[in-house]
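One structure is given here, and the rest of the page talks about it.
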Amino acid sequence: MPLTRIETRRERPAEEVQAIIAAVERAQRVALKLPEGDRQIRYVTHRPEHFAVPADRSADFTVIEITLFSGRSLDAKRQLYALLVDELGALGIARNDVFVVLNEQPQENWGLGGKAACDLELGFKVDV
């Protein structure tokens, strides 16, 4: 159950925002082997003057920060990065405008329904 934040500096119509969220969800579901509907994704648009980007990037520069349980393999992470740029590329966002950061946390650092995630049956495997 990753907690994902997509940050950009370009205003988009609601249907484009929903398409980007769906694309990120698909990439996570495939690469991380998540169950259908495991979706905790936020889309944040910053005013351009509040979001500095590298000079060689466009107005579509997009940061995807994903906080997730530790334990995914390097291959799963590589697949995630590739799927994210493929999915977003299909929506017109160039590969070099996609920047992904993973923040891995042990399950005991997640509280769900008043319990530590390590004490719950999550319905999916982390070691993929």
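Scope of the values below: all heavy atoms of this structure, side chains included, with no hydrogens, waters or symmetry mates. One is the number of the first residue; the rest follow in order along the sequence. For clarity, every value in this text was computed on a predicted model and none was experimentally measured.
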Q: Could you name each residue pair satisfying salt bridge (charged side-chain N to carboxylate O under 4.0 Å, His left out) that touches residues 62-74, not counting sequence neighbours?
A: Arg5-Glu65
Q) Going only through I, L, V, M, F, W and Y residues with side-chain contacts under 4.5 Å, is there a path from Ile41 to Ile20? A) yes
Q. Hey, mind stepping through Tyr43 and Thr8 against side chain to side chain contact (heavy atoms under 4.5 Å, CB included) and telling me if it holds?
A. CA-CA 8 Å; Tyr43 185 97; Thr8 185; 2.9 Å; yes
Q: Could you tell me the separation between the CD atom of Gln18 and the CZ atom of Arg12, rounded to the nearest 0.5 Å?
A: 13.0 Å
Q) CG of Leu68 to CG of Asn103: how many Å apart, nearest 0.5 Å? A) 8.0 Å
Q) Is there side-chain contact between Val53 and Arg9, with heavy atoms separated by less than 4.5 Å? A) yes
Listed pairs under 3.5 Å, donor-acceptor, residues 82-101 side chains, sequence neighbours left out:
from	atom 1	to	atom 2	distance (Å)
Asp86	OD1	Arg95	NH1	3.2
Glu87	OE1	Arg26	NE	3.0
Glu87	OE1	Arg26	NH2	2.7
Glu87	OE2	Arg26	NE	3.2
Asp97	OD1	Ser58	N	2.9
Asp97	OD2	Ser58	OG	2.4

(Q) Contact between Ile6 and Thr62 at the side-chain level, heavy atoms closer than 4.5 Å - yes or no? (A) yes
N/O donor-acceptor pairs under 3.5 Å from side chains in residues 107-122, not counting sequence neighbours:
from	atom 1	to	atom 2	distance (Å)
Asn109	ND2	Gln105	OE1	3.4
Glu121	OE2	Gly123	N	3.2

Q) Is it true that atom CD of Glu11 has more than 12 heavy atoms of other residues, nucleotides or ligands lying nearer than 6.0 Å? A) no
Q | Side-chain heavy atoms of Leu3 within contact of Ile66, under 4.5 Å | A | no
Q) Hey, does Gln28 have a side-chain heavy atom less than 4.5 Å from the side chain of Thr4? A) yes
Q: Specify the closest pair of heavy atoms between Ala31 and Val128, including all atoms of both residues, with the distance to one decimal.
A: O-CG2, 4.1 Å
Q) Side chains of Tyr81 and Leu102: does their closest heavy-atom pair fall under 4.5 Å? A) yes
Q) With side chains defined as the heavy atoms from C-beta onward, is the minimum distance between Phe69 and Pro106 less than 4.5 Å? A) no
(Q) Contact between Pro2 and Leu32 at the side-chain level, heavy atoms closer than 4.5 Å - yes or no? (A) yes
Q) Taking side chain as C-beta onward, heavy atoms only, is Ser73 less than 4.5 Å from Asp127? A) no
Q.
Any salt bridge linking Arg10 with Asp60? Criterion: basic side-chain nitrogen under 4.0 Å from a carboxylate oxygen.
A. yes
